[in-house]
Protein chains: 2
Amino acid sequence: MQSCSQTIPQTFAVPFFFFIITYSIIRDDYFGMKIHKITIKDVARELGVSVSTVSRALKDHPDISPQTKQLVRDLVEKMKYKPNAIALSLRSQRTNIIGVIVPEIVHHFFSMVISGIDEAAMAAGYNVMFFQSNESYEREVMNIQSIINSRADGVLISIAKGTKKFNHIRQLLEDNIPVVFFDRECDEIETDKVIVDDFEGAFNAVDYLIKTGCRRIAHYAGPQHLQIGYLRKRGYISALEKNGLRVDDSLIIPCDSYEAALEVTRNLMARGNPPDAIFTTNDNTAVGTLNAVKAMGFKVPEDISIIGFTDGLVSTVTDPLLSTVSQHGFEIGKKATEILIKRINDECVSSKPITEIVKTELVIRNSTRRI
Amino acid sequence: MQSCSQTIPQTFAVPFFFFIITYSIIRDDYFGMKIHKITIKDVARELGVSVSTVSRALKDHPDISPQTKQLVRDLVEKMKYKPNAIALSLRSQRTNIIGVIVPEIVHHFFSMVISGIDEAAMAAGYNVMFFQSNESYEREVMNIQSIINSRADGVLISIAKGTKKFNHIRQLLEDNIPVVFFDRECDEIETDKVIVDDFEGAFNAVDYLIKTGCRRIAHYAGPQHLQIGYLRKRGYISALEKNGLRVDDSLIIPCDSYEAALEVTRNLMARGNPPDAIFTTNDNTAVGTLNAVKAMGFKVPEDISIIGFTDGLVSTVTDPLLSTVSQHGFEIGKKATEILIKRINDECVSSKPITEIVKTELVIRNSTRRI
DNA sequence: GGAGATATGAGATCCCGTCATCAGGGCGGG
DNA sequence: CCCGCCCTGATGACGGGATCTCATATCTCC
């Protein structure tokens, strides 16, 4: 850990002016002084007018003459005066900060969501305060405490796998901080939610496989205590039933990782009457499946079709390219943020919580046959 | 607006009335008004002591009797009083916020870095304000403006590809906001940096290829105006030279994406005297290369070895598994944050900027031959 | 009884920007 | 000449805490 890093002092060849700046900084620090930030008083003093005048000029108050306004605006520009956001927050009781908690950022889907959050927040002039629960309940509670303490205006959260109590979320709502769930929600809490249509996504994927002529379709299922695992399986079953195909329990196999897929697939394909298609609960599992069947000499998609879920980066670099169900993480983040900001602005304070379902999209690449 | 501040009477001394206030808060909420947060004054009034006493009790001031301290602590617990971080920031001129700017979060390496940042920041009691430049200079400037406005205590930044001017970074330093670069740095700015040892990583990768018997090694190079692209190429060249191999310029090809690799590789492998190994500037390019050579009937690693850079998720799901150079993104984020926090706390204010180099690690999987 | 310690209250100050109020200067029109 | 208008200054409150000073009240001990 430590050994992989080393400290190297930088060569000290800098222009002359740099010394001067550095020196004055050191001197101020040496005397324990804070570096002075430009305040409205500095602007007023510099221009020889009162603080009120500057304040009014910047607010475009009708009392102030156009000439003075222009003078003030010019000087403000020149002196790079920025109103102190902290003082503003103290007075307005708003921080323009959105707290975001994700289980794990190292996850293509969540990083897409955050990207969407960033986009929408920036567009609306909000800053994003970021937290990671690492799938831990305790950590999540700490994160919420930090959010409360920093007086964020609202919270976006996807709950951790380890979270089974929800008092910390309730505390947010009691403090009148709006909360919007994304992806991983919680039944017990009445608030806005933006979720993925796992059922329909799975249904469409399997329905497509059937349309391309597949008849023995296996499903590698995720953990059934999570909504996402459960709903994807239900979608799979529903598509079979709608098309009059028998649901064969021996073709529904718990399997949700690359490594597991290698193992499971070897066994599955070696037994009599192997499937002609496999629908996996996520992309990594699909890639494992793909590699396993290829290693056994099967042709994809001629001998067997494979379709994943969660359009991650991996699906765009496999051979053949993986067909999958895209989750529009960016859209989810953006949507959730927009809803949150509306709540913050009380635009729909009296309305009931809404649940927005972001549709999945079937992305047909080359691991499935064509219709 | 004003009316809501007048709805809550200011002077009450009897506990009974406190509950009335609480009730009126709920009613205020119903009418869409701001909810009342517990302040030190509420605690003082409830306990029938002065604000000073509560403040001193919480700070464990020796003037206050143990009994009073206990009473205060109990009530604070019961009323869930939290000191207003905004008021604290206003006075202390510290926000306990670290601003973080990454080019793109949807990138395994950067999400690992952010994970490390989150870890270190949380451990030190700092909050992370997150920004994404989307590789755009303009966006980066806006992000820095937001950071300055929100009075963050320090900044961690990996500069965008599109950034060629650095006045915005200088502005941070002039405002006495410490800056630590990670991964993508900038020569012109004298400040702390935590960077990847791209040169050595590339050198080791190519040196390993040579040790396994490869003699005609191609390099798919990244943009040369970026340090990371340049240094990886230098490492490649240096390894060839050290091993007495001729550097063939026709084997150094600009190529840094999956799609480009498909195209480039088809041409490269079709011409006479194709290479027996390819070192790519990143993993996605390596995967494109891998798929292209496999499609042309070459065996990996028997006919040709392939090695990438940046240990992303893709390298763990290819067939064969991709050998690559791992970057320790988590370590980089953690280290950068620790250095930044030291600077914020003036622990090394007079010391020169340091450049910390985090070593890469060669991860040998199955796309390269064994020694 | 008075000095001194102890515990607390009351109030000011600071951080910074906003906003409201009141006071006034200067100038033009009636 | 004065009223009123336009513009501006001076001042203070406010938001919420920390912190400091000074004034009390109570109690103890000599």
Side-chain angles (χ1 to χ4, degrees), chain A residues 32-72 76 79 81-96 148-151 153 175, chain B residues 1-11 13 33-45 47-72 76 79-96 148-151 153:
Chain A
M33 294 179 197
K34 268 281 166 202
I35 288 296
H36 182 70
K37 286 244 171 64
I38 304 292
T39 76
I40 202 167
K41 287 175 197 159
D42 301 312
V43 179
R45 193 186 324 118
E46 183 75 8
L47 200 61
V49 299
S50 74
V51 171
S52 330
T53 305
V54 177
S55 175
R56 279 186 279 223
L58 291 174
K59 290 280 141 183
D60 210 23
H61 194 283
D63 270 4
I64 304 297
S65 68
Q67 297 92 310
T68 308
K69 280 180 187 168
Q70 200 49 52
L71 280 172
V72 169
V76 157
M79 294 178 75
Y81 161 76
K82 300 278 178 212
N84 186 326
I86 299 164
L88 256 40
S89 292
L90 183 60
R91 194 169 158 74
S92 68
Q93 301 284 50
R94 290 166 127 264
T95 52
N96 269 36
I148 292 176
N149 289 347
S150 59
R151 255 67 173 181
D153 291 338
D175 278 6
Chain B
M1 281 294 180
Q2 297 119 274
S3 57
C4 90
S5 62
Q6 287 165 8
T7 48
I8 301 174
Q10 292 298 310
T11 49
M33 292 173 191
K34 266 279 169 215
I35 202 156
H36 180 73
K37 285 246 170 64
I38 304 294
T39 76
I40 202 168
K41 287 175 196 160
D42 300 312
V43 179
R45 192 189 320 123
L47 201 61
V49 299
S50 75
V51 171
S52 327
T53 306
V54 177
S55 174
R56 280 187 277 226
L58 291 174
K59 291 281 142 183
D60 210 24
H61 194 283
D63 271 3
I64 305 296
S65 68
Q67 299 91 308
T68 308
K69 281 180 188 167
Q70 200 51 52
L71 279 173
V72 170
V76 157
M79 293 177 77
K80 286 177 187 164
Y81 160 77
K82 300 275 178 217
N84 186 328
I86 299 164
L88 257 40
S89 292
L90 183 61
R91 191 168 160 76
S92 67
Q93 303 285 48
R94 289 167 128 267
T95 52
N96 268 36
I148 291 176
N149 289 347
S150 58
R151 256 65 173 182
D153 291 339

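Here the structure is a predicted model, which is why all the values come from computation and not from measurement. A note on names: the letters A, B, ... follow the listed sequences, proteins ahead of strands, and every chain is numbered from 1.
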A.B. asks: Give the rounded distance in Å between these two atoms: CG of A:Asp42 and P of C:dC15.
C.D. replies: 11 Å
A.B. asks: Could you check how far CZ of A:Arg45 sits from P of C:dC16, rounded to whole Å?
C.D. replies: 12 Å
A.B. asks: Measuring from A:Leu88:CG to A:Asn96:CG, what's the distance to the nearest 0.5 Å?
C.D. replies: 9.0 Å
A.B. asks: B:Leu90 or B:Val51: which one's nearest nucleotide on DNA chain D is closer to the 5' end?
C.D. replies: B:Leu90
A.B. asks: What contact category does A:Lys69 fall into here, base, sugar-phosphate, or nothing, at under 4.0 angstrom with non-hydrogen atoms?
C.D. replies: nothing
A.B. asks: D:dG17 phosphate, OP1 or OP2: any side-chain N/O from B:Thr39 under 4.0 angstrom?
C.D. replies: yes
A.B. asks: How many angstroms lie between OG in A:Ser50 and CZ in A:Arg56, if you round to the nearest 0.5 Å?
C.D. replies: 6.5 Å
A.B. asks: With respect to the phosphate group of C:dC14, does any side-chain polar atom (N or O) of B:Gln93 fall under 4.0 Å of OP1 or OP2?
C.D. replies: no
A.B. asks: Take atom CD of A:Gln67 and atom C1' of D:dC7, then tell me their distance rounded to the nearest Å.
C.D. replies: 10 Å
A.B. asks: Assess whether one donor atom and one acceptor atom, taken from the side chain of A:Ser52 and the base of D:dT11, lie less than 3.5 Å apart.
C.D. replies: yes
A.B. asks: From D:dA18, D:dC7, D:dT21, pick the nucleotide closest to the side chain of B:Leu88?
C.D. replies: D:dA18
A.B. asks: Can you tell me the distance, in whole Å, between the NZ atom of B:Lys41 and the P atom of C:dA10?
C.D. replies: 14 Å
A.B. asks: Out of C:dG17, D:dG16, D:dT21, which has the shortest distance to the side chain of A:Ala87?
C.D. replies: C:dG17
A.B. asks: Any heavy-atom pair between the side chains of A:Arg45 and A:Asp42 that's under 4.5 Å?
C.D. replies: yes
A.B. asks: Touch check for A:Thr68, heavy atoms < 4.0 angstrom, all strands: base, sugar-phosphate only, or nothing?
C.D. replies: sugar-phosphate
A.B. asks: Heavy atoms only, 4.0 Å cut-off, all strands: where does B:Ile40 land among base, sugar-phosphate and nothing?
C.D. replies: sugar-phosphate
A.B. asks: In chain order, what residues pass the side-chain hydrogen bond (donor to acceptor under 3.5 Å, both in side chains) check against B:Ser55, with sequence neighbours excluded?
C.D. replies: none
A.B. asks: If you assign each of A:Val54 and A:Arg151 to its closest nucleotide in DNA chain D, which residue comes earlier from the 5' end?
C.D. replies: A:Val54
A.B. asks: What nucleotide, of C:dC16, C:dT18, D:dT19, holds the atom closest to the side chain of B:Arg91?
C.D. replies: D:dT19
A.B. asks: With a 4.0 Å limit, can you tell me whether A:Tyr81 has a side-chain N or O closer than that to the phosphate oxygens OP1/OP2 of C:dG17?
C.D. replies: yes
A.B. asks: Select one nucleotide: of C:dC16, C:dC15, C:dT18, the one nearest the side-chain heavy atoms of A:Pro83.
C.D. replies: C:dT18
A.B. asks: Nearest whole angstrom, please: distance from the P of C:dC15 to the NZ of A:Lys82.
C.D. replies: 22 Å
A.B. asks: First locate atom CG of A:Leu71, then atom OG of A:Ser65, and finally report the distance between them rounded to the nearest 0.5 Å.
C.D. replies: 8.0 Å
A.B. asks: Only distances under 3.5 Å count here; give the side-chain donor-acceptor pairs of residues 79-86 of chain B to other protein atoms, sequence neighbours excluded, each with its distance to 0.1 Å.
C.D. replies:
{"from": "B:Asn84", "atom 1": "OD1", "to": "B:Ile86", "atom 2": "N", "distance (Å)": "2.7"}
{"from": "B:Asn84", "atom 1": "OD1", "to": "B:Ala87", "atom 2": "N", "distance (Å)": "3.3"}

A.B. asks: Taking any heavy-atom pair under 4.0 Å as a contact, classify B:Ser55: base, sugar-phosphate, or nothing.
C.D. replies: base
A.B. asks: Whole angstroms only, please: what is the CE-P distance between A:Met79 and C:dC16?
C.D. replies: 14 Å
A.B. asks: Calculate the interatomic distance between A:Ile38 atom CD1 and C:dG17 atom C1'; express it in whole Å.
C.D. replies: 15 Å
A.B. asks: Rounded to whole angstroms, how far apart are CG on B:Asn96 and P on D:dG17?
C.D. replies: 17 Å
